[in-house]
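Naming: A, B, ... by sequence-line order, numbering from 1 per chain.
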Protein chains: 2
Amino acid sequence: MLINMMLAGCLRSVVHGEIFMADEHGPNSCVTCPRRQLTEWRNLETEHLELVNRHKHDRILKPGEILFNQGDESEGIYCVKDGLVGERRFDAEGHSILVRLNHPGTTVGYQELLSKTPFRNSAEVLQDSHICFINKSIVQQLIEGAPSVGQRFLRRSLKDAQDLEDSFVEVQTISVKARLLHVLMIFYERYGRLDPDVGHVFDIPVARQDLAALVGAAPETISRTTRQLQADGLVQFPGVRKAIIPDLDLVFDAIGADT
Amino acid sequence: MLINMMLAGCLRSVVHGEIFMADEHGPNSCVTCPRRQLTEWRNLETEHLELVNRHKHDRILKPGEILFNQGDESEGIYCVKDGLVGERRFDAEGHSILVRLNHPGTTVGYQELLSKTPFRNSAEVLQDSHICFINKSIVQQLIEGAPSVGQRFLRRSLKDAQDLEDSFVEVQTISVKARLLHVLMIFYERYGRLDPDVGHVFDIPVARQDLAALVGAAPETISRTTRQLQADGLVQFPGVRKAIIPDLDLVFDAIGADT
DNA sequence: GCATCATATTGATCAACATCAATGATAGGT
DNA sequence: ACCTATCATTGATGTTGATCAATATGATGC
């Protein structure tokens, strides 16, 4: 799966006519990284880009591996090149909730780096992932040298705040069923494809427990809710990490109607 | 009440030796505004400060009055000089929750101004308030002319995101009782004073319904919970907007212990 | 292919909170 | 000071989702 995604990434840069760059810089160069356009480094000039590229470290990580732990001091910033990274917050009783998911093209840990505060969440790899690390001294140089970086982080922070505000409102006002549907729709938008025979097919990239942590409910409640969704004909679950939505409109209606 | 707060504000600037400035600029000048140090305008040089001061509009507003409505386009930024402004989000059923409170020295509506998106919440005056309005064209000039302003807004946004993340986690993990205690502690920190006879006395600056909207619970649940807190000896409620905490440690323990 | 361990589901029960309906208290206007 | 409208409290009841315990399913190693 990871291999496929990486190949896809490589092919894309070739297709875009950057084959010489790709050769010159190697397949893992930030210069040719197809995800960079989605990050705060998108407007970097060559000079700064090369700086990042020289000093970055990149690793392939497996599900369960940790980028940083709640309480750690920030050492730098992480870029998700491929895969999926969850930010998890543990409470006093050892329960955890997934605060957000970080998809490819996202920088993780910028908030604590910029505010110089300890990590509030742990960052945990949820799927085979390709992660780049950029040390805080480099980020500091970028912020001082490239004004666009500060602006991008401001935009990013504004967006994160908006998303959190929505999540905050959602968790107080709507039911587990509607929230689960919402999470499934997010997965559908990212991983979905239309099979004309059965409907909109997509992967659920996390285990049931993490799906529960994402919705903010107990795993048992998620089981019961998925069963109900199947009974209602809204979503089929042919496997524990597969889902099919026969009719998107039914789902939209249900999210709106349900509490 | 408002009068008292405004007098207090005036006196403070006099006490701080700015009596000439205050005379020169009038009691409502941004130049001498004691709240400015808390806002994103704190590092402004005289030139920009005068610009703000010339173009700002200020008004005294009463509880229930609206600064802006959910869905409106942003026209500028609001500074809370005195009083209290709540940001309220309405859901489809007409229920509302208070997403955050804005105390004196806070700018309101910066997020939508900077991201050029419609207001996601309504801003509603909760106590007699003194509010200044700064048009977006002025804010634009400040951001372009004074680099500190952009930095301040970045810091502000990072902090708001952190607060929202905490609220998000809190609402999913802890009980109404603990959340209510937390909200009461916030009021205590801001409005509290120690009376040696009875304990820590403070005002609750909002009506019961809004206290409920702040905790994210039904007003009836707040009633029952306050009753329980009295029965447990944690908090006394001698009036609907007054509270007394006999022993802070008991409250801290209860917040920690309760779910 | 089987044993083992983790993960997922199901059932039964319980606690927390919402809702509805009724009553009691409070504040603002005349 | 009274009237009225709004706000707060209380009680009765219903719903949602958590928890505990048991079973089932699936994955991994040998």
Protein heavy-atom contacts under 4.0 Å, written 5' to 3' over nucleotides 8-13 of chain D as B (base), S (sugar-phosphate only) or - (none), form the string SBBBB-
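For Leu180(B) and dC17(C), the CG to P distance is 11 Å, given to the nearest whole Å. The CD1-P distance, from Ile97(A) to dA18(D), rounds to 12 Å in whole Å. Remark: P of dT7(C) and CG of Leu211(A) are 15 Å apart, rounded to the nearest angstrom. The interatomic distance linking Lys242(A) (NZ) with dA8(C) (P) rounds to 15 Å, in whole Å. At whole-Å resolution of the value, CD1 in Ile204(A) and P in dA8(C) are 11 Å apart. Summarising the geometry, the separation between CD on Gln228(A) and C1' on dT10(C) is reported as 15 Å, rounded to the nearest angstrom. With rounding to whole Å, Asp128(B) atom CG is found 14 Å from dG28(C) atom C1'. As rounded to whole Å, 13 Å separates atom P of dT7(C) from atom CG of Leu126(A).
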Output a table of donor-acceptor pairs, distance under 3.5 Å, between side-chain atoms of residues 60-73 of chain B and any protein atom two or more places apart or on a different chain; print 'none' if there are none.
from	atom 1	to	atom 2	distance (Å)
Lys62(B)	NZ	Asp128(B)	OD1	3.2
Glu65(B)	OE2	Lys62(B)	N	2.7
Gln70(B)	OE1	Phe90(B)	N	3.0
Gln70(B)	NE2	Phe90(B)	O	3.4
Asp72(B)	OD2	Asn69(B)	N	3.1

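With hydrogens and angles ignored, the 3.5 Å screen pairs a side-chain donor or acceptor of Ser129(A) with a backbone N or O of Gln127(A).
In this structure, Arg88(A) forms no cation-pi arrangement with Phe119(A), as its terminal cationic atom is not both closer than 6.0 Å to the ring centre and no more than 45° off the ring axis.
In the displayed structure, His182(B) atom NE2 is contacted under 6.0 Å by at most 12 heavy atoms of other residues, nucleotides or ligands. More than 12 heavy-atom neighbours from other residues, nucleotides or ligands sit within 6.0 angstrom of NE2 on His200(A).
In terms of the salt bridge (Lys or Arg N to Asp or Glu O under 4.0 Å) criterion, residue partners of Asp166(A) (sequence neighbours excluded) are, by chain and number, Arg89(B), Arg120(B).
The two atoms that bring Asp249(B) and Asp247(B) nearest to each other are N-OD1, 2.9 Å, heavy atoms only.
Residues Arg59(B) and Ile131(B) have side chains not in contact (no heavy-atom distance under 4.5 Å, counting atoms from C-beta outward).
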Can you check nucleotides 23-25 of chain D for protein contacts, nitrogen or oxygen pairs under 3.5 Å, and list what you find?
none

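Sorted by first and then second residue, the pairs that involve residues 230-240 of chain B and meet salt bridge (charged side-chain N to carboxylate O under 4.0 Å, His left out), not counting sequence neighbours, are Lys177(B)-Asp232(B).
Distance check, rounded to the nearest 0.5 Å: OG1 of Thr106(A) to CG of Leu38(A) gives 7.5 Å.
Below 30°, between 30° and 60°, or above 60°: for Tyr78(B) and Phe133(B) the angle between ring planes is between 30° and 60°, a tilted geometry.
The overall bend of the helix from dG1(C)-dC30(D) to dT30(C)-dA1(D), read as the angle between its terminal helix axes built from five base pairs each, is 50° when rounded to 10 degrees.
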